[in-house]
Every structure is written in C-alpha cells, then in structure tokens.
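Have a look at the structure below, then the notes.
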Amino acid sequence: MSEISHHGYEGPDGRRDEAAVVRAAQVGNQRALDDLVAGYLPLIYNIVGRALDAPADTDDVVQEVMLQMIRDVRTLRDPEAFRSWLVAIAMREVRRHWRLRRGAPATDGIEGLEETALLSDPGADFVDLTITVLSLSGQRQETAQATRWLDADDRQLVSLWWLEVAGRLTRAELAAAMELPLPQAAVRVQRMKARLEVARAVVRALGAIPRCPDLGTALHGWDGRPDGLWRKRIARHVRTCEACGGVAEDVVPAERLLADLALLPVPPLLLGLLTMGAAGGGAGTAGQDLATASLHHTVRTGRAAGRAARTASISAGKTAVLSATTALVLVAGTIAYTLGLFGPGGQDQRPARAVSAPSASALPTSATEATPTHSATPTPTSKATPAAPAPKPSTEQKTTVTSTELPVRAAFYYPWYSENFTPGGSQYTPSAGKYDIDDPATVERQIKDMQYGGLQAGISSWWGAGKREDVRLPLLMSEGDRLDFSWTVYYENEAYTDPSAATIRKDLEYLRKYSDHDTWLHIDGKPVIFVYGAGGDACDMATRWTQANETQGYYVVLKVFGGYRDCADQPEGWHQYASGLDIQKGYSAILSPGFWKNDAEQPTVPRDLDQFRRDAATVAASGEPFQLVVTYNEWGEGTSVESSTDWPSSSGHGAYMDILHEAFAAHPR
C-alpha cells in the first residue's frame, strides 16, 4: 500500500518492503503494527462502506476486521500475502454481517430502523458521503448512485472492483477476497458490470428533467428506496419506452470514471478507536488477554457513542456529532491510560502436474455404450417437505441474461437428500455425512465445491412441477445467484412416460419462472435444458421436443440414441449419460468415476483414480461444447464425485474433485 510509511523498512534498492513491515509487526514491533493499521484502514473502510447496505453498521464491521488483523497477524504464514489476507477477512466479515442481518428475528435491529426513520434523508449513506467528499458530478455521480440499486452480492463485488480499476487491488486479490478462482471471478465481474450499467440507466431515467410521464405512472407504489425489484421494473420501462430510449447515449464506461478516484478518508472517531486497537494488540503475550478484553470494551463503548452521535445529529446537527465524538475519544484515552499504553502527558510509551490424453481414435463414441440405470431410489416422484421454506427467485424477469460461452463444464446433480440417505441407500458415505439440501449452508458448500472442480453449472434432476426436486430448485437458484454459479435442470420424465409435445410445452412454460432468471444457464441468449431418455428412444423423441419448443425458445440438449444424427428434427445439442468416458463429436464429452448401485454386491464399473485422471484430461482437452461429469452426487448409483470418506483428500474436496480441478485448470475454457 502506498499509504504505509517507510519507518526504516526499506529493501536493498531503497524501496519500501511491505513484507518487512508485516514481519516486524508479527514479532511485536508496535510501530510496524501502527503502520499496518494506519496504512490499510482507508482501504478496508472503503471496501466495507461500499459493500454494506447498512451504513450505520460500517464502522462496526471495519472495527471487527481490523481487530481480527491486529489479533491474528502473528498467524499469517506468508507476509507477502498480507493485503490479500486482510481483504479476504473484510469480505468474509461483510458476508457474515449480511447473513446475520438477513437471519435476525423480527424484533432485531429496531434501534436501527427507528434511527433510519428519523433521518431527514433516508437515502443518506456511503454513496452520499462519496459524492460529497470526493465532489463527484455528472456520470461519476450517476455511477456512485447506481451502486445503491445493486443486490447485496453485487455491492460486495463492486466494492472490490472499484478499487481494482483504481489500481489499489489486483484481479488476483479480488478473486481471493471473493474466494473464487480467477476465471470465475472474471465472469462474475462481467455480470456485475452489466447490472451496474442497467442501474446507471435507471438513475439517469429517474433524474431526467422533465421525467417521462409514462415512467411516473410505472413508479406508482414505489417508496423511493432503491431495490432490485424496482430496478428491474424501471429498466424494463426504459428499454421499451421511446421517450426514455436515449438515456444510455454518451455513457462513459464505468472503469474510466472510477479509475482516478481517491479513497474516502476514515472518520476520526474510527481512526482513534483503531489506534487504540493497535496499542492493545501489541501489548505482548502476557498482557494480550487483558488488552483484548479492554479493546472489545472500547469498541462496544464506541458503537454506543456512535449510535448516540448519529441520533444526536438528527435532532441537533453537527455540534452534537462533534460532542459525541469528543466524548468517545476521551473514553478511549481513559482506557489507554488505565492499561498503561500511554505515559503521563499522553506521550506514547510503546516500544519502539501435467496429464496426457489418449488419442482420439481410442475414445468410445457409440451411443449404445453401457449406461447407468439412472433409477431414483426411493421413488423420485415422492414429495418432500423442506425443513425450512426455501427462498424463491424473483418472478420478475431480469432485464438481461448473461450467456455462458462454450464450452460449458457442468455436473449432473441430485436434490434427493437427506431422505435418500436411508440404510443401504449407497455403497459409500459422503464426507459431509447425511447432509440436507434444504440447508443453505449445504448448497453453498456444494456450489463452491463444484466451482473448485472447474465447473460453471449444475444440472439438477427435475421430475415436474411441485415435486421435491422442483420445491428445492429455488434454493439452488438463490445460492447460485449469490455465488455466480449457473443451474439448469435434467428433464427426467422423458425416459419414463414419452410425454406429448403439449405436455412438454406446458412444463417448459412452467420452468420459465426459473429459466428467465440470469442464474439459469443460458447459451446464445437461450435458457438451456437437458433431457434424459430411454434406451428405446428414436427420432420421434426429437420431433416432440422440436414441436414443444417452437414457442418457448429453449436451448435443448437431448440424450443420444442410436441414429440420432440422422433425425430430421435436431435440437441444439446432444449428450450421453454413461458410466465412463464418452465423446459425441461436435456435441459433448462426459466422464464418470464408476458405477456401483446401492443394492448390488459388486460394482458394475469399479472406481479407478488413475483412469479417472486420464479421462478428465481427455474431456478437458476435447474442446467439445459440453464437458459433463456423471455425476456430482448420485450416491444411490455410486457415480458421485463429491467427497466421500472412501476418497478423501487434504484439500477437503475429495480426490475426484482434486483431479477435475487440475485437469480443467490445465485446459482453460
């Protein structure tokens, strides 16, 4: 960080050695710890302030982040990674705070609501502070205001991207903070930028003089507060309204607008508290417990005083704020003196692997290769009652959808748990135990696991409207939206009932409640759907799907059958579902770890990690449009690559996911 002072920590070439500052702080050098607090506090303050939608809580979260840094810097193994480590702490704390607020009981946070209700300007927040302090105008001001219209996850990302374009973070540091691989981070930034541009158009339309009268009608019932639902509604009006059609003209890219903006200065109150924190954190091992306890007391006092200051400012103006701030500094000073951190008169008394693929000629390409039975045990059409209501994606269409570029890497996924973890339900035991897919933490873990394995999407088993797989789809979509992971479904009934074109069309219309959402996997602007099939299928299957899809516009990927290439009606794609390696040239490549059904005495296809590694390299290097894993978590048929006690690994993701991670990283999309 350019803000960190030298204080004697120069390298051989005379330039500042920031790692040396960190190493000095780790061994108890108080001046070095002060430098870290003072140098990095502006960065963390700006990240947290822009990421949170609760401006009254910004100081609290910043304090927690910096206190963690003060407390845990000794444990950091690589001083060169200090900034990435600290920014990652900040984003984890932001996400933790956001989840706590989201899950708080109805009576929680009343104080904050009352405080907000008293504000003369309920929109006043970090955005207003940015506009005022940095004297933003024109399109810079519009861009800052547009961030208010972003959802929580996008606000978190924009807080990092803002600093990336300003040259204060690298893309690698951004990806590390979001706990994403670099390619996934790039996709997520791209999607966030698209939504930011939509939000900019909304801000510009609302600020137009005179405002479009039709827009005024469309705003009936709006309370004046930015949110995602109204962003979509207003953007839809702007997109279709001739009068508003020019709002996007002459728009300067956000990167150019933000590139040279300064950091917002840290409030003196917060800076004073954290200077105290550095003193407490550097008190040495013997006094660490006492210092830490006193430090948290100081923070709690600071929060109370901060709330008093904000409330006072509503009724009595700036004078009250200054008085409350002065009182807090006096409290902090008293505690510092009591701890002996400062001497009489206020003087500072502190001590100064590469994998080769087999030849293409050796690859199986037959559509009749041995195929898993894909049975659902127990009966897949039985309904399940979730432990808690799953959050539902908005029924409002997104203003735009982001198409995923081919090739797409995805895994077949089964939302049948925990009820399918019956005695004898699988030959294997998941490392996570008998997990519950109604638990958001389970879905979050699984999505991050698939992302670690280089996958962009999950193909979730689907048996019809109202069935348990359908009931669980909203939670998959909600977590996918938050983690920038795509979902589609595997239409199972085709293999068992030969549905008519009218029935298929009705199901496709129903699925629009999900597939119009940006989180659904899209290719060329079309929502993707995979379709399972039976061994006896023929060209009439392709014809039924073509007829059903004439008015729906899906990107249909059917399961192959003998002679599928000769059918007159062709879908957009084809795939195989088999218990090994399979290449369908021009369409798909799949791999599977093996097949051992829960009621069989011996595996039909034994597991072989070396063979799976070779198959993964072949699929990754194939270049086929769809590169698919059969399966992520079909435990009943024993085709799972999700971590098991039978194939654990030091990464925590399991041996098969480690192999996918390596193979797909060696062959980027």
Side-chain angles (χ1 to χ4, degrees), residues 43-44 47-48 50-51 65 78 81 83-99 150-165 168-196 255 402-405 407-411 413 440-458 476-487 518-522 620 627 629 632 642-643 651-654 657-658 660-669:
L43 180 73
I44 299 305
I47 289 173
V48 172
R50 293 192 180 103
V65 172
D78 180 9
R83 181 163 56 176
S84 296
W85 172 76
L86 182 57
V87 173
I89 289 175
M91 295 312 297
R92 283 195 293 271
E93 188 63 27
V94 165
R95 289 191 288 269
R96 186 189 72 83
H97 184 82
W98 182 79
R99 288 172 187 163
L150 297 177
D151 296 330
D153 290 334
D154 279 339
R155 278 197 302 273
Q156 293 168 21
L157 180 55
V158 83
S159 72
L160 299 172
W161 178 72
W162 184 306
L163 295 169
E164 182 196 2
V165 298
R168 296 176 181 275
L169 289 178
T170 66
R171 175 56 61 86
E173 289 167 339
L174 180 150
M178 298 305 295
E179 298 178 336
L180 293 172
L182 272 171
Q184 193 73 23
V187 171
R188 185 155 180 188
V189 166
Q190 181 184 21
R191 292 181 176 180
M192 177 275 296
K193 287 167 59 179
R195 288 187 281 265
L196 179 62
E255 295 95 318
T402 303
S403 293
T404 300
E405 294 183 3
V408 169
R409 290 166 172 168
Y413 177 91
T442 293
V443 178
E444 177 184 20
R445 174 187 62 77
Q446 291 180 322
I447 288 176
K448 289 182 176 180
D449 194 33
M450 287 186 273
Q451 289 176 325
Y452 168 80
L455 306 178
Q456 294 85 47
L476 302 184
M477 294 284 289
S478 176
E479 290 298 300
D481 187 50
R482 188 173 65 81
L483 297 171
D484 206 42
F485 183 80
S486 297
W487 288 99
D518 189 44
T519 306
W520 193 278
L521 179 65
H522 285 76
Q627 298 170 18
V629 179
Y632 176 71
E642 186 180 16
S643 182
S651 72
H653 295 279
M657 296 306 290
D658 285 350
L660 292 175
H661 174 80
E662 295 167 3
F664 287 143
H667 298 278
R669 295 168 56 240

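Every heavy atom of this structure was used, including side-chain atoms; hydrogens, water molecules and symmetry mates were not. Here, residue 1 is the first one in the sequence, and each next residue gets the next number.
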Gap separating the CD atom of Q156 from the CZ atom of R95, nearest 0.5 angstrom = 6.0 Å

Does R188 use its side chain to pair, donor to acceptor, with the backbone of A175 at less than 3.5 Å?
-> no

With under 30° as parallel and over 60° as perpendicular, where do the rings of W487 and Y413 fit, or are they tilted in between?
-> perpendicular

For the residue pair M450 and V629, establish whether any side-chain heavy-atom pair is separated by less than 4.5 Å.
-> no

If every non-hydrogen atom of S651 is compared with every non-hydrogen atom of G654, which pair is closest and at what distance?
-> OG-N, 4.1 Å

Check whether any side-chain heavy atom of H661 lies under 4.5 Å from a side-chain heavy atom of P181, and answer yes or no.
-> no

Stepwise, does the side-chain hydrogen bond (donor to acceptor under 3.5 Å, both in side chains) test hold for H653 with D658?
-> CA-CA 7 Å; H653 295 279; D658 285 350; over 6 Å; no

L455 CG to S486 OG distance, which is reported to the nearest 0.5 Å = 11.5 Å

Heavy-atom closest pair (H667 atom, A620 atom, distance to 0.1 Å) is CB-O, 3.4 Å

If you round to the nearest 0.5 Å, how far is CZ of R195 from CG of D518?
-> 5.5 Å

Given D153, D484, D154, the one that forms salt bridge (charged side-chain N to carboxylate O under 4.0 Å, His left out) with R191 | D484

Beyond-backbone contact of E173 with V87, side-chain heavy atoms, under 4.5 angstrom | no

Is there a donor-acceptor pair closer than 3.5 Å between any side-chain N or O of R155 and the backbone N or O of L150?
-> yes

Distance col, row R171:CZ vs L160:CG, nearest 0.5 angstrom, shows 10.5 Å

Side chain to side chain donor-acceptor pair (under 3.5 Å) with Q456: which of Q451, Q184, R669?
-> R669

Could you check V65 against L86 for side chain to side chain contact (heavy atoms under 4.5 Å, CB included), going step by step and ending with a plain yes or no?
-> CA-CA 8 Å; V65 172; L86 182 57; 4.0 Å; yes

Euclidean distance, W85 CH2 relative to D78 CG, rounded to 0.5 Å | 12.0 Å

Interatomic spacing from OH in Y452 to CG in L660 - rounded to 0.5 Å = 9.5 Å

On a heavy-atom basis, the closest approach of A411 and Y632 is CB-CB, 3.9 Å

Side-chain (E444) to main-chain (L483) donor-acceptor, under 3.5 angstrom | no

Please determine which of L174, I47, T170, V158 meets the side-chain contact (heavy atoms from CB on, under 4.5 Å) test together with L163.
-> I47

Considering the options E479, E179, E642, which one meets the salt bridge (charged side-chain N to carboxylate O under 4.0 Å, His left out) requirement together with R445?
-> E642

